[in-house]
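Remarks on the structure that follows.
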Amino acid sequence: MSSPKIWTHKGTFLLAAVGSAVGLGNLWRFPYLTGENGGGAFILVYALTIALVGIPILIAETLLGRASRKSPIMGMQYLTESHNTSRNWRAIGWMGAFAAFIILSFYSVIAGWAIHYTGLMFSGSLVGADAATIGESFGDLLASPGLLLTYHTLFILASGLIVGMGIHKGIENGLRFMMPALFVILLIVLGYGVVAGDVGAAMSFLFTFNLADLSLEGWLQAMGQSFFTLSLGMGAIMAYGAYMSSEASLTRTAISIAFVDTAIALLAGIAIFSLVFGSGLEAGQGPGLMFVTLPIAFAELPAGWLIGGVFFILVIGAAITSSISLVEPVAAYLVERFGLSRPIAVTLMITFCWLLGLLTVFSFNYWSEGTITHDWFGRSPFDVLEFITNILMPLGGLLIALFAGWALSREEVLREMSTNDTWFQCWQFLVRFVAPTAVAFVFLRTMPQIDGYLIPAVGSVLLIGAFTAGRTFIQQRQS
Ligand code: PHE
């Protein structure tokens with residue numbers, strides 16, 4: 001096929017990866033999870049996971065993409081062949097593609113809600129409405145398969161259009177225009193939140209750390225969220241990494257992505273909770289925080305319809321820059337493997353995702369709680385899909401960490417990372433031991449019967465890790 005494609009500028013990968021990272025995860029999921037889990041303590045665990053597990057895996061995933069310069073599935077095939085490792089590592093590529101399908105299918109439906117709310121805000125139909133009416137209007141939206149389907153279709157088409165135009169004309173140009181615009185909008189909403197809301201209450205909610213507030217479930221959610229928000233473990237970052245300039249630094253780029261992503265989640269949190277607390281509302285509303293609680297606050301504030309509308313445009317835009325990174329890995333694979341044209345590859349991908357999205361659409365009406373279908377399975381298909389991705393993402397991240405940490409040779413990694421010995425050792429320790437332990441912790445915690453053994457088990461893995469790393473270090477020093 002054609003020679004490898006590269007982003008036009010050295011910094012484009014950073015822009016694209018930030019675009020992928022910043023999305024519904026920051027604006028919708030992060031605030032509501034923080035609200036449900038008592039604020040500061042949740043943020044502390046989340047930030048720690050980002051630093052110790054997220055950044056090392058982010059480096060590893062980008063590295064795999066750039067070292068192979070191929071789509072994740074083909075890239076893993078190439079890396080296992082060129083490094084003579086087990087073929088089983090190819091599962092990383094396949095699992096990622098599978099997870100991308102599932103995530104895009106429901107991501108698109110939820111982003112569609114934001115389209116609906118943009119309309120509601122700008123039309124002024126919520127101005128002065130009371131809490132009950134606004135709650136009902138969200139219920140009405142969910143109860144209408146027709147509406148949900150329309151927005152889902154619009155959103156997925158828009159994402160497909162951008163990716164279909166290619167990585168330069170579509171993705172790069174789109175991002176270069178959208179990212180700054182989204183940032184400006186966020187600042188406007190933040191400024192409004194500070195002026196019109198109660199920023200003091202928001203700050204103390206977000207930044208008062210009391211670990212005892214955090215339930216076990218909260219710990220797990222904080223770790224899961226750090227994978228989701230960094231777009232890790234599913235090929236999105238690998239696919240973008242394949243186009244990354246060889247000159248850009250992996251470490252510096254990964255730290256910047258994590259920093260910007262976290263900063264934006266916090267800024268969004270400050271804006272949202274200022275408005276929520278300023279209107280005397282509750283933080284722990286769950287997924288409805290953005291679609292019910294926040295509109296209630298906007299309904300009574302001066303010019304709330306305008307800022308509210310602008311805010312939901314931000315949500316749609318941030319979601320699109322993420323969803324295109326879910327389309328790209330699969331589309332690029334279809335182009336590479338079967339020689340399809342890009343528009344056809346993208347059409348195939350989004351058609352199947354659109355169909356899969358029907359499961360989510362119907363989960364809120366035909367198959368919602370109280371219906372026979374729901375009772376049969378004990379949960380809705382949407383819950384099942386979310387559950388699967390909550391497993392696939394950390395699992396993908398775990399395999400990426402292990403592959404980069406253990407299967408690739410030191411030379412190979414250093415060629416891409418081109419860094420000093422100390423940081424290399426440090427990174428290697430993190431991907432070899434710390435990240436796998438953390439992910440194992442997430443999985444094991446779901447099995448209560450082994451609770452008593454968990455701390456000793458985690459401790460021994462870390463000790464063995466420190467010992468092995470220390471020995472390798474000394475041996476390398478001596479040779
Ligand atoms: N990181 C995105 C968000 O925070 C979601 C996402 C996950 C995008 C995985 C791509 C891949 O909304």
Side-chain angles (χ1 to χ4, degrees), residues 13-34 46 49-50 54-55 57-58 61-62 65 71-72 92-93 95-114 155-156 159 162-163 171 175 178-179 182 186 221-241 254 257-269 272 287 290 314-332 349-350 353 385-386 388-397 400:
F13 171 76
L14 177 61
L15 186 74
V18 167
S20 169
V22 175
L24 295 176
N26 307 57
L27 303 174
W28 170 65
R29 210 159 177 254
F30 172 79
Y32 92 67
L33 286 177
T34 309
Y46 164 82
T49 321
I50 296 258
I55 292 178
I57 297 185
L58 192 53
E61 189 168 341
T62 318
S71 71
I92 294 176
M95 263 175 41
F98 184 61
F101 257 105
I102 297 182
I103 294 193
L104 182 59
S105 79
F106 65 72
Y107 203 82
S108 166
V109 176
I110 294 171
W113 300 352
F155 183 84
I156 215 161
S159 316
I162 297 178
V163 183
I171 300 182
L175 287 169
M178 280 192 282
M179 296 303 284
L182 295 177
L186 178 63
Q221 286 186 327
M223 298 179 84
Q225 169 64 7
S226 62
F227 276 90
F228 186 79
T229 193
L230 290 180
S231 307
L232 286 181
M234 43 177 325
I237 294 293
M238 214 190 292
Y240 277 176
I257 298 168
F259 178 80
V260 177
D261 183 68
T262 308
I264 291 188
L266 290 175
L267 291 181
I272 291 174
M290 175 184 282
L314 166 69
V315 177
I316 301 171
I320 285 209
T321 60
S322 297
S323 65
I324 55 180
S325 76
L326 289 163
V327 179
E328 177 61 24
V330 178
M349 160 77 183
I350 63 166
C353 270
L385 294 178
E386 229 204 334
I388 297 176
T389 51
N390 281 343
I391 298 205
L392 284 181
M393 292 192 74
L395 196 60
I400 288 171

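For reference, positions follow the sequence shown, starting with 1. Note that ligands are numbered from 1 as they come in the structure, with each ligand's atoms numbered from 1 the same way. Predicted model, so just to flag it, every value in this text is computed and none were measured.
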Notebook entry, point to check: Who are the salt bridge (charged side-chain N to carboxylate O under 4.0 Å, His left out) partners of Glu328, not counting sequence neighbours?
Noted result: Arg342

Next item on the list: With rounding to the nearest 0.5 Å, note down the distance linking CD in Gln225 to OG1 in Thr34.
Entry: 7.5 Å

Notebook entry, point to check: Could you state the interatomic distance from CD1 (Ile50) to CZ (Phe227), rounded to the nearest 0.5 Å?
Noted result: 9.5 Å

Next item on the list: Take Met349 and Val163 through the test side-chain contact (heavy atoms from CB on, under 4.5 Å) and record every step on the way to the result.
Entry: CA-CA 11 Å; Met349 160 77 183; Val163 183; over 6 Å; no

Notebook entry, point to check: Testing Ile264, Val260, Leu266 for side-chain contact (heavy atoms from CB on, under 4.5 Å) with Thr262, which one passes?
Noted result: Leu266

Check: Under 3.5 Å, is there a donor-acceptor pair between the side chain of Thr62 and the main chain of Leu58?
Finding: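 Yes, Thr62 side chain to Leu58 backbone: donor-acceptor pair under 3.5 Å.
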
Does ligand 1 have any N/O atom under 3.5 Å from a protein N/O, and what are those pairs and their distances?
unit_1: ligand 1; atom_1: 1 (N); unit_2: Ser20; atom_2: O; d: 3.2
unit_1: ligand 1; atom_1: 1 (N); unit_2: Ala21; atom_2: O; d: 3.0
unit_1: ligand 1; atom_1: 1 (N); unit_2: Phe228; atom_2: O; d: 2.8
unit_1: ligand 1; atom_1: 1 (N); unit_2: Thr229; atom_2: O; d: 3.2
unit_1: ligand 1; atom_1: 1 (N); unit_2: Ser231; atom_2: OG; d: 3.0
unit_1: ligand 1; atom_1: 4 (O); unit_2: Ala21; atom_2: O; d: 2.8
unit_1: ligand 1; atom_1: 4 (O); unit_2: Gly25; atom_2: N; d: 3.3
unit_1: ligand 1; atom_1: 4 (O); unit_2: Asn26; atom_2: OD1; d: 3.4
unit_1: ligand 1; atom_1: 12 (O); unit_2: Leu24; atom_2: N; d: 3.0
unit_1: ligand 1; atom_1: 12 (O); unit_2: Gly25; atom_2: N; d: 2.8
unit_1: ligand 1; atom_1: 12 (O); unit_2: Tyr107; atom_2: OH; d: 2.6

